[in-house]
Novice: 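Please see the structure below; I have some questions.
Each chain gets a letter, A, B and so on, in the order its sequence line appears, and its residues count up from 1. Quick caveat, the model's predicted, so the values are computed rather than measured.
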Number of protein chains: 2
Amino acid sequence: MVRKPATLKDVAALANVSRATAARALNSYGYVGGETALKVQAAAEQLGYRSNRLAQALRNGQLPIVGCILGDIQNPFFARIAHDIEVIARERGHNLVIGSSEEVLQLEISLLGSLQSLSIRGFIVAPTSADDNGHLQQLVSNNVPLVLIDRVAEGVDCDSVVVDNEGGARKAVEYLITMGHRRIGLLQDDMRIFTSRERRSGYRAALSANGISLDDRMIAVSQSTVEHAVDATIRLFSQKAPPTALFTVDSLMTQGALLAFRSMGISIPHDVSLIGFDDFNLATFTDPQITVVSQPVSEIGRVAARLLFERLSGQDAPPQKIRFETKLVVRGSVSRHSAG
Amino acid sequence: MVRKPATLKDVAALANVSRATAARALNSYGYVGGETALKVQAAAEQLGYRSNRLAQALRNGQLPIVGCILGDIQNPFFARIAHDIEVIARERGHNLVIGSSEEVLQLEISLLGSLQSLSIRGFIVAPTSADDNGHLQQLVSNNVPLVLIDRVAEGVDCDSVVVDNEGGARKAVEYLITMGHRRIGLLQDDMRIFTSRERRSGYRAALSANGISLDDRMIAVSQSTVEHAVDATIRLFSQKAPPTALFTVDSLMTQGALLAFRSMGISIPHDVSLIGFDDFNLATFTDPQITVVSQPVSEIGRVAARLLFERLSGQDAPPQKIRFETKLVVRGSVSRHSAG
DNA sequence: AATGTCTGTGAGATCGATCTCACATGGTTC
DNA sequence: GAACCATGTGAGATCGATCTCACAGACATT
């Protein structure tokens with residue numbers, strides 16, 4: 001037997017007042033007699049009354065939930081961000097709905113739609129595609145609060161929190177060049193993804209600034225999972241003239257590269273040098289430790305959540321585009337390459 | 001200007017029918033004329049109508065959302081589980097609300113309450129405390145579908161999905177004993193937590209089965225974070241007669257132990273042997289690789305989600321208590337201890 | 001012709017909380 | 001005493017979708 005939770009009506013009946021009065025007593029607005037208020041509160045307590053947020057939301061048009069659509073919570077980068085967003089949401093009396101787009105545009109669209117039909121108050125999204133984003137533009141033009149993280153989307157005019165991907169990638173590749181490398185590999189994920197584009201463009205910029213011509217054979221594309229990255233790395237390094245250094249665009253791919261190198265008997269940094277984008281706990285546990293481009297992960301989620309709540313509280317400032325700096329953290333996975 | 005989304009009323013008006021008819025046409029139930037149905041569908045299309053799930057939920061009493069309260073999504077173990085649950089929820093047209101209890105009972109209770117007032121359909125919870133669980137019992141007695149994962153809670157009669165913690169711990173410690181160790185350390189988290197208790201009890205069982213008396217100086221308790229585990233490990237190994245082997249109860253603590261050993265200049269497995277509970281990606285990247293007790297992480301979330309949806313679809317079977325086996329994965333972090 | 005059955009449709013109630021409005025009091029002020 | 005206010009309360013509308021019920025017309029059966 002499912003015991004129905006007590007409603008305002010029940011409370012009102014027990015306290016012998018109307019629903020309106022009960023509501024006033026419990027939410028303390030309007031005029032309520034002192035004695036009446038106590039009676040209502042006692043009744044509420046006795047029945048274990050909790051207001052139905054659903055009904056409230058239907059009435060006032062908005063559910064105190066924020067929606068968060070990320071690539072995959074299993075990626076520690078996104079897990080950290082999701083966690084930080086949840087903490088802030090909780091402080092403001094909101095809950096967090098999470099969806100993984102799995103980097104599939106269609107999934108992102110349908111998730112967003114399903115969350116919109118819940119009258120969710122605002123969204124934080126790491127868009128899968130830098131181009132196909134009519135769904136996001138529509139959100140913005142309907143004035144639904146939206147904050148993009150990790151990636152921006154073309155033509156979508158809203159708050160965003162990203163890092164300097166191009167600069168970070170350039171620093172990494174320039175460092176490799178400084179260390180004498182010229183055949184520098186790039187392990188990247190799908191070009192649809194904003195970060196992938198920017199990091200690639202940093203890679204190119206570094207090469208061309210140093211008079212190294214772009215060589216497609218140095219570039220491998222794979223999905224951003226450890227397994228796919230292993231395969232891609234193996235392909236890249238099975239060539240006749242493999243790279244002498246590798247730059248990977250995210251931590252899962254860095255892990256994949258590490259596994260691939262181990263299985264191929266390639267040693268770091270003796271045989272090949274490695275720099276990954278995005279620091280991760282594993283990077284300091286390996287021998288040698290991995291040199292990485294680190295981003296301020298702990299800031300991204302927090303700042304995005306704060307921006308969202310500013311919008312939710314009705315601020316109508318022009319969109320803020322926040323871009324954090326990245327930092328090259330030199331550890332032991334890069335060695336000097338004797339010119340060959 | 002916020003453009004209000006179209007409602008059923010708008011669709012009905014455009015199609016020149018009543019709301020009831022429009023609803024019938026769109027949800028295909030009852031009798032609707034063929035032509036009318038088309039008219040309504042066209043109107044819905046034209047207005048971009050999406051039904052308001054909030055209103056639906058208010059009407060039929062349940063929101064197609066499942067709530068998931070875990071210790072911390074940043075723990076890869078929970079991240080994996082959350083991801084798997086979300087995938088299954090999505091297949092069934094549900095969304096996922098996630099809350100981190102941060103292992104604080106009060107937070108777990110308030111999260112649960114706030115989600116309950118949303119008329120959420122069911123919950124998957126990794127309860128913080130093995131004892132204090134009136135809130136969970138109340139849920140069950142109100143017939144709210146609830147599945148416990150990773151940990152069971154005393155007196156809460158519902159579906160659960162856990163692993164054989166005691167057996168896993170025992171296997172680990174017995175292996176250490178077989179390898180000649182007698183001063184075996186235990187790094188565990190709060191005894192409130194179910195897994196912590198069970199794993200400790202496996203540790204004790206193994207010791208006493210082998211005639212080794214329990215020594216409190218061999219046991220360190222800390223919160224389940226890398227940082228706290230580092231401190232606890234350092235304390236444990238700063239004693240005059242430190243353990244010759246260490247068993248850690250989860251992957252974050254294993255990481256902490258690794259960091260502590262490194263900072264203390266203690267080498268694995270030469271100076272100390274190590275086994276951790278729960279396999280984790282890092283374990284195979286270290287040198288030597290870490291021997292662990294592995295649990296079928298990929299099953300836990302999926303099975304829990306399936307159990308929940310069975311309940312949601314109205315099955316009234318007795319609670320299922322699922323317990324997966326664990327496996328000792330021997331790698332390189334344990335060495336034979338010459339009896340001293 | 002009377003009764004029955006099948007289609008198709010609309011009016012109105014419902015879910016629970018909130019808010020507007022109207023209506024009471026009792027007291028104050030000119 | 002008339003006009004006004006502050007205080008306190010309840011009736012009823014509202015949010016959007018759904019469902020029950022009543023009803024109307026078309027056709028078939030006796």
Novice: Measuring to OP1 and OP2 of C/dT18, would you say a side-chain N or O of A/Gln56 lies under 4.0 angstrom away?
Specialist: yes

Novice: When you measure from the side chain of B/Tyr49, which nucleotide among C/dG16, D/dA17, D/dT18 comes out closest?
Specialist: D/dA17

Novice: Is there side-chain contact between A/Leu118 and A/Ile65, with at least one heavy-atom pair below 4.5 Å?
Specialist: no

Novice: Taking atom P of D/dC19 as reference, at what distance in whole Å does atom CG of B/Leu26 sit?
Specialist: 13 Å

Novice: Can you check the A/Arg50 CZ to C/dA17 P distance for me, whole Å?
Specialist: 12 Å

Novice: Could you tell me the separation between the NZ atom of A/Lys39 and the P atom of D/dG8, rounded to a whole number of Å?
Specialist: 13 Å

Novice: Is the shortest side-chain heavy-atom distance between B/Val303 and B/Phe324 below 4.5 Å?
Specialist: yes

Novice: Whole angstroms only, please: what is the CG-P distance between B/Leu58 and D/dC19?
Specialist: 13 Å

Novice: Within this structure, what is the OH-to-P distance between A/Tyr29 and C/dA17, rounded to whole angstrom?
Specialist: 12 Å

Novice: OP1 or OP2 of C/dC15 less than 4.0 angstrom from a side-chain nitrogen or oxygen of A/Asn52, does that happen here?
Specialist: no

Novice: Could you say whether B/Ser18 or A/Arg53 is positioned toward the 5' end of DNA chain C, judged by the nucleotide with the nearest heavy atom to each?
Specialist: B/Ser18

Novice: If you check every side-chain atom of A/Arg24, which of D/dA17, D/dT9, C/dT7 has the closest atom?
Specialist: D/dT9

Novice: May I ask you to test the A/Gln46-A/Leu14 pair for a side-chain heavy-atom distance under 4.5 Å?
Specialist: yes

Novice: Among the candidates C/dG10, D/dT18, C/dT18, find the nucleotide nearest to the side-chain atoms of B/Val17.
Specialist: C/dG10

Novice: Between A/Thr21 and D/dG10, does any side-chain N or O lie under 4.0 Å from OP1 or OP2?
Specialist: yes

Novice: If only atom types and distance count, is the side chain of B/Arg90 paired as donor or acceptor with the main-chain N or O of B/Ile85 below 3.5 Å?
Specialist: no

Novice: If I take atom CG in residue A/Leu54 and atom P in nucleotide D/dG16, what distance separates them, rounded to the nearest angstrom?
Specialist: 14 Å

Novice: Should we say atom NZ of A/Lys9 is surrounded by more than 12 heavy atoms from elsewhere, each under 6.0 Å from it?
Specialist: no

Novice: Just to confirm, is there a sub-4.0 Å distance from OP1 or OP2 of D/dT9 to any side-chain nitrogen or oxygen of A/Thr36?
Specialist: yes

Novice: Counting side-chain heavy atoms from CB outward, which of D/dG16, D/dT14, C/dA13 is closest to B/Arg19?
Specialist: C/dA13

Novice: Quick one: is C/dA17 close enough that its OP1 or OP2 comes under 4.0 Å of any side-chain N or O from A/Asn27?
Specialist: no

Novice: Using whole Å, what does the distance between atom C1' of nucleotide D/dG10 and atom CG of A/Leu8 come to?
Specialist: 13 Å

Novice: Using whole Å, report how far CG of B/Leu63 lies from P of C/dC15.
Specialist: 18 Å

Novice: Which is it for A/Ser119 and A/Gln62 under the side chain to side chain donor-acceptor pair (under 3.5 Å) test, yes or no, and what are the steps along the way?
Specialist: CA-CA 5 Å; A/Ser119 313; A/Gln62 283 184 325; over 6 Å; no

Novice: Between C/dA17, C/dT9, D/dG10, which one does the side chain of A/Ala20 approach most closely?
Specialist: D/dG10

Novice: What's B/Asn60 touching, base or sugar-phosphate or nothing? Going by heavy atoms closer than 4.0 Å.
Specialist: nothing

Novice: Among D/dT7, C/dC19, C/dG8, which nucleotide sits nearest the side chain of B/Tyr31?
Specialist: C/dG8

